[in-house]
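To start, the structure itself, in structure tokens.
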Amino acid sequence: MTGNHQTLALLLFSAFIAVTLGITTWVSRNRHGSEEEFYAGGRLFSPMENGFAISGDYLSAASFLGVTGLIALFGYDGLLYVVGFFVAWLMVLFLVAELVRNCGRFTLADVVAARMSERPVRIAAGTSSVTVSVLYLVAQMVGAGSLVSLLLGGTSPAARAWTVIGVGALMVIYVSMGGMRATTWIQIVKAVLMMSGTIALTVLTLVRFHGNLNHLLLTAAARSGHGAAFLAPGLKYGGDWTARFDFISLGLALVLGTAGLPHILSRFYTVPTARAARRSVVWSIGLIGAFYLMTIILGFAAAAVVGPDTLRKSNEAGNTAVPLLALDLGGGADSTGGTVLFAIVAAVAFATILAVVAGITLASSASVAHDLYASLRRPNAKPRSEVAVARVAAVGIGVAAIGLGLIARNLNVAFLVGLAFAVAASANLPVLLYSLFWRGFTTRGAVWAVYGGLIPALVLVLLSPVVSGSPQSLFPGVDFQFFPLQNPGLVSIPLGFLAGWLGTVTSTEVPDEAKHAETEVRALTGAGAV
């Protein structure tokens, strides 16, 4: 890219970082340091504010960069991500939002531990939550590296590495200083910026094609090199039965995984009532639905205007489709309009990454402090503030995410998020649903449900083509691939539910009917909710 692109985009990056650091500093001066303040922002946000924050938290680099790239490269098959990400919210609305808000305080483990032996359940749920969060963080780091690599001309691996490190450092600052309140306001600002940028690009695309979507699709198909196959199922997932099972596996992971994401569940605790939590989800569904409709247009526009060959030359996984489309729609690489629009979109994408990593880091550090530290601390040890432990945990999680982000830098962002969704659906969703709806569920069932989904999901990923055995793998030079699917959800999600059932029916523990009744009343009515 030209020097103008770099200068303007870096100025906009700097402006957003300055604003968000200002918000963080302001919030840190006006908070009391309590757990409720740090984890839940004092539960003071309105449904509309929380709805914008949820959409800001959920619409990650996978949505803004990865999904549009997959649609641009694979056409119809790329739409699976759009459908899966959006349909998942119906499950969150009808099954999870209100009940989780009533039953918990800060984390997923609070919901499960309400009627179980706390220590083993908190350790299991906390471990799972941190694992899912780190996987999700890796995707954001890869998106940041792709973005800055494009901005700097893709010539400096060191620049990409330093970008990943810089994003990790910023997220630690946001979380450790500002907690949930600063993170929420950063997400609201980011949601407004991203919706505005997406609307602008969609309008420019429609103007370019005179509002004729049919012309847009036909142009994309012609330019794709695949002809009519670009607009039909099967380009990415229709080659053989392995690809078709991968399609089913990914769909299951996307639809079921959202309800098990720790950073999404923690957002329901930032509003004062369960009714407000439900209304937050309604707001977020409207915003997320509108955004994904526009990404479909932008994905096909990137194929039609930029072309798959140019996209792959810039980034093999297609992560730079939106910035390159903005460059062309603004007038081209040498035009003022192209320079300005490219810089704005790049800055919005960077803002997206910073906001999402802050939310994920906060949720995972809360799991470390509120679940793992509180359970593993020696009884006679001097207790430390959970908030202080959470701040230290944010640093450790940031370091882990940076390291994995540097390893996985050549994978598609949306694909990486699909893996995180699969682990969330395998480990977190079974224990959550069983705890809320199964009267006879026991502590052993809860622990087995978590580990019975988490361990198979991670092992199957390690033995899949994602890690070894193909040119696109993390380690292409070695081959220990035994599992043919790229996403483990088709196998690991049923195993999580099966393990929870098996652990319960083989347990000698007598289910506590009184605790279940109390949890049921609290979940459905809000009586006694924090």
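Note that the structure is a prediction, hence the values are computed from the model and not measured. Keep in mind that the numbers below use all heavy atoms, side chains included, and drop hydrogens, waters and symmetry copies.
The main-chain N or O of A53 is never found under 3.5 Å from a side-chain atom of Y58 such that the two would form a donor-acceptor pair. Using a distance-only test at 3.5 Å, with no hydrogens or angles considered, a donor-acceptor pair links the side chain of S249 to the main chain of N487. D246 places no side-chain N or O within 3.5 Å of a backbone atom of L485 that could act as its donor or acceptor partner. Side chain of N428 to main chain of P262: no donor-acceptor pair is present (N/O by atom type, distance under 3.5 Å, no hydrogens or angles). Of the possible polar contacts, none joining the Y451 side chain to the A446 backbone as a donor-acceptor pair under 3.5 Å is found. Side chain of S128 to main chain of A125: no donor-acceptor pair is present (N/O by atom type, distance under 3.5 Å, no hydrogens or angles). Between the S196 side chain and the V192 main chain, a donor and an acceptor come within less than 3.5 Å of each other.
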- Item | Step-by-step side-chain contact (heavy atoms from CB on, under 4.5 Å) determination, E49 to I188 | CA-CA 7 Å; E49 290 170 343; I188 291 171; 4.0 Å; yes
- Task: Go through the steps to decide whether T184 and R267 satisfy the test side-chain contact (heavy atoms from CB on, under 4.5 Å), and finish with yes or no.
- Result: CA-CA 9 Å; T184 300; R267 290 239 54 91; 2.8 Å; yes
- Message: Please determine whether side-chain hydrogen bond (donor to acceptor under 3.5 Å, both in side chains) holds for the pair R122 and S367, giving the CA-CA distance in whole Å, both sets of side-chain angles, and the decisive distance to 0.1 Å.
- Response: CA-CA 9 Å; R122 285 194 180 277; S367 291; over 6 Å; no
- Message: side-chain contact (heavy atoms from CB on, under 4.5 Å), that's the test. Do W185 and F45 meet it? Break it down for me.
- Response: CA-CA 10 Å; W185 282 111; F45 291 99; 3.6 Å; yes
- Task: Take V461 and F483, measure what side-chain contact (heavy atoms from CB on, under 4.5 Å) needs, and give me the verdict at the end.
- Result: CA-CA 8 Å; V461 169; F483 182 66; over 6 Å; no
- Message: Working note: S364 + Y136, criterion side-chain hydrogen bond (donor to acceptor under 3.5 Å, both in side chains); need CA distance, chi angles, decisive distance, verdict.
- Response: CA-CA 11 Å; S364 51; Y136 211 106; over 6 Å; no
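When all heavy atoms are compared, the tightest approach of L80 to L254 is O-CD1, 3.9 Å. When all heavy atoms of V271 and A277 are compared, the pair lying nearest together is CG2-N, 3.6 Å. Taking all atoms of both residues into account, the shortest heavy-atom contact from P494 to G489 is CD-O, 3.6 Å. Annotation for S365 and A394: closest pair CB-N, 3.9 Å, computed over non-hydrogen atoms. Nearest heavy atoms, W448 versus G503: CE3-CA, 3.2 Å. Minimum heavy-atom separation, V132 to A420: CG1-O, 3.9 Å.
Between L252 atom CG and L490 atom CG the span is 6.0 Å, to the nearest 0.5 Å. If you take CZ on F291 and CE on M194, they are separated by 4.5 Å, rounding to the nearest 0.5 Å. The line from CD1 of I397 to OG of S133 is 7.0 Å long, rounded to the nearest 0.5 Å. For the atom pair CG of L201 and OG1 of T295, the computed distance is 12.0 Å after rounding to the nearest 0.5 Å. Here the CG-CG distance, from L495 to L460, works out to 8.0 Å after rounding to the nearest 0.5 Å. The CG atom of L311 lies 6.0 Å from the OG1 atom of T320; values are rounded to the nearest 0.5 Å.
V112 is not listed as a side-chain neighbour of Y434, based on a closest heavy-atom distance of 4.5 Å or more. Using a 4.5 Å heavy-atom threshold, the side chains of V322 and V348 count as separate. Looking at I285 and F86, their side chains come closer than 4.5 Å, going by heavy atoms from C-beta outward. Side-chain contact between W283 and N50: absent, with no pair of heavy atoms (C-beta onward) separated by less than 4.5 Å. Here the side chains of Q481 and P465 are in contact, with some heavy-atom distance below 4.5 Å. For the pair S284 and V281, the minimum side-chain heavy-atom distance is below 4.5 Å.
Aromatic ring centres of F421 and F85 lie closer together than 6.0 Å.
Taking a cutoff of 4.0 Å between a charged side-chain nitrogen and a carboxylate oxygen, D57 and K190 do not qualify as a salt bridge.
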